[in-house]
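Notes for the one structure printed next.
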Amino acid sequence: MSVDSQVDTQDADLQLIDALARGELRIAARLITRIESGDSSVASILSKLHARGGNTTVLGVTGPPGAGKSTLVDRLLQQFRHRGQRVAVLAVDPSSPFSGGAILGDRIRMNQHSADEGVFIRSMAARGRLGGLAVAAGDALQVLDAMGWDLIVVETVGVGQSEIDILRHAHTVVIVQTPASGDAVQSVKAGLLEVGDIFVVNKADTAGADRMQSNLREATAFRADPHDPACWLPPVLKTQATYGSGIDAVIEAIDAHTHHRLTHPARWAQRLRAQMRVLLLEQLIDLQRRRTVEDPAHQQRFERALDEVLARRCDPHTAARKLLDASE
Amino acid sequence: MSQSPMPQSKIRCLLGMLGTDVHSKGIRTLAQLLRDRGVEVIYLGEHNTARGMINATIAEDADLVGLSFSTATYLHYTRDLMEQMRAAGLGDVPVMLGGLIHADDEPALREMGVRGIFGPGSTMDQIVAFLQSATGKTLPSGISASGA
């Protein structure tokens, strides 16, 4: 790259950052589209955003399909707006593994905020990105962070590892369950239990809500250490999001968790490091995958290795190692 | 999966209904058929306002907007939306209409700037061809409507 074009890129990036800071929605929306489509030209702007980023509190909300995540987020938005907070929402939904298409329907539940300038909702499809989903979602969150919202909410279906990894971008994680989410053993997917800061049993008017609540209390109790005042014990709350009941308690719990995070900086730094470690690792794997599989120059080599494995002339472990060596 | 895992530029299509029309069976079916053709559908459902649709079009960076009507109010609602979209600087975003659209109203709708009109008897292939020509993006080929 020539010096001139480097200067141009610098200028263009700084203009873009200014536009984001001014809250120009269309520019932000288009930048997120470029991130979604894997456009590599966003690298320099993302690098600048990262350097200035991490200013906005990110609230993660997850749970199984149909648990009422979007409805709960809608109710939380109502309260945040009531307090005068301006909020951005990133709603991540799965893509069809067959067609690559998706139906992104989270906005329907948040329709009452559709004309509110203080709420920005963006839907994102997983697009079969394998592990790269959390990276792409993280980049989109960087864009929202640069826009100066008071709060960012990221909503995702808690079904796969890559969806759960998205929650590593969040300061506070709310896990939504229903009384129908299964018995004590399967009520919370392993992995979700560990990342949750607040547990919500939604649809609390249906049978089994109390039992689900006590199951969750039991399952999260292992995280409580009575001798460690810096330990956060996840509250387990009941809501009926459709009717708006129990929402105040969720807001109080979110505030309490934020207060806990700010008053225990050492504990938070530890968690942040653990979160960032996973994300960096994922980025590395994603990069390596692109290099060895998606680069046309390497695709042929990959297909040849696949032939060898299928013919049982080479085992998958050796083939993978050879591919890795060849991509250096 | 035989497709490339490489993320690509997808067609993002907003689908919704304006006003008090509650006959959403058609648009829900279309949403599923478009998903099965590889489109990312941002589904807004019923009872939207023009303002809400415009905000969604901007935030979602939608490539086009699809409306469905099963009541006779579509001329009024479509004109209002098209005017507000132009005022919001979204005049270049293609709009298509489906549902019970009378052939006699097509010239008036075209004059308002509606690019695609798909009344009863329209086929998926027609709609998909329109989506591709209106957005300049291509959909993955060889996917059956059943998604199998």
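Naming convention: chains lettered A, B, ... in sequence-line order (proteins, then strands); numbering from 1 in each chain.
- A donor and an acceptor atom, one from each side chain of A:S41 and A:R34, are located under 3.5 Å apart.
- Counted by atom type alone, B:D63 and B:T135 present zero donor-acceptor pairs between their side chains at under 3.5 Å.
- Of all the listed residues (A:H113, A:E117, A:R107), the one sharing the greatest number of non-hydrogen pairs under 4.5 Å with chain B is A:R107.
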Side chains of residues 61-68 of chain A: which donor-acceptor partners sit under 3.5 Å, not counting sequence neighbours?
{"unit_1": "A:T62", "atom_1": "OG1", "unit_2": "A:T156", "atom_2": "O", "d": "2.7"}
{"unit_1": "A:T62", "atom_1": "OG1", "unit_2": "A:G158", "atom_2": "N", "d": "3.0"}

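- Taking 4.5 Å as the limit, every side-chain heavy atom of B:Q84 sits out of range of all side-chain heavy atoms of B:L81.
- A donor-acceptor pair under 3.5 Å is absent between the side-chain atoms of B:K10 and the main chain of A:E36, judged by distance alone.
- The choice from B:I42, B:T57, B:L139, B:N48 that makes the most heavy-atom pairs within less than 4.5 Å of chain A is B:I42.
- Side-chain atoms of A:T33 come within 3.5 Å of backbone N or O of A:A29 as a donor-acceptor pair.
- Two residues are said to be in side-chain contact when any heavy atoms from C-beta on lie closer than 4.5 Å; B:L131 and B:L34 meet this criterion.
- The stretch residues 87-96 of chain B places B:A88, B:G89, B:L90 near chain A, each with some heavy atom under 4.5 Å from a heavy atom of that chain.
- A:S37 places no side-chain N or O within donor-acceptor distance of the main-chain N or O of B:S9, the cut-off being under 3.5 Å.
- Judged purely by distance below 3.5 Å, without hydrogens or angles, the side chains of B:D36 and A:S99 never pair a donor atom with an acceptor atom.
- When each of A:A88, A:A115, A:A102, A:S114 is checked for heavy-atom pairs under 4.5 Å with chain B, A:A102 comes out on top.
- Residues of residues 65-75 of chain B never come within less than 4.5 angstrom of chain A, heavy atom to heavy atom.
- A donor-acceptor pair shorter than 3.5 Å cannot be found between the side chains of A:Q78 and A:D74.
- Comparing B:E40, B:E46, B:H47, B:R51 by heavy-atom pairs within less than 4.5 Å of chain A, the highest count is held by B:E40.
- When the candidates B:I11, B:V39, B:L15 are compared by the number of heavy-atom contacts under 4.5 Å with chain A, B:V39 comes out ahead.
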Item to check | salt bridge (Lys or Arg N to Asp or Glu O under 4.0 Å) evaluation trace for A:R168 with A:D165 | outcome: CA-CA 5 Å; A:R168 296 187 197 277; A:D165 281 344; 3.1 Å; yes

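- Between A:L279 and A:H169 the shortest side-chain heavy-atom distance falls below 4.5 Å.
- The existence of a salt bridge linking B:R37 and B:D125 is confirmed by a sub-4.0 Å separation between a basic side-chain nitrogen and an acidic carboxylate oxygen.
- At a cut-off of 3.5 Å, with distance as the only test, no side-chain donor of A:R109 or A:T242 sits close to an acceptor on the other residue.
- If you check the side chains of A:S123 and A:D106, you find no donor sitting under 3.5 Å from an acceptor.
- Residues from residues 101-121 of chain B never place a non-hydrogen atom less than 4.5 Å from a non-hydrogen atom of chain A.
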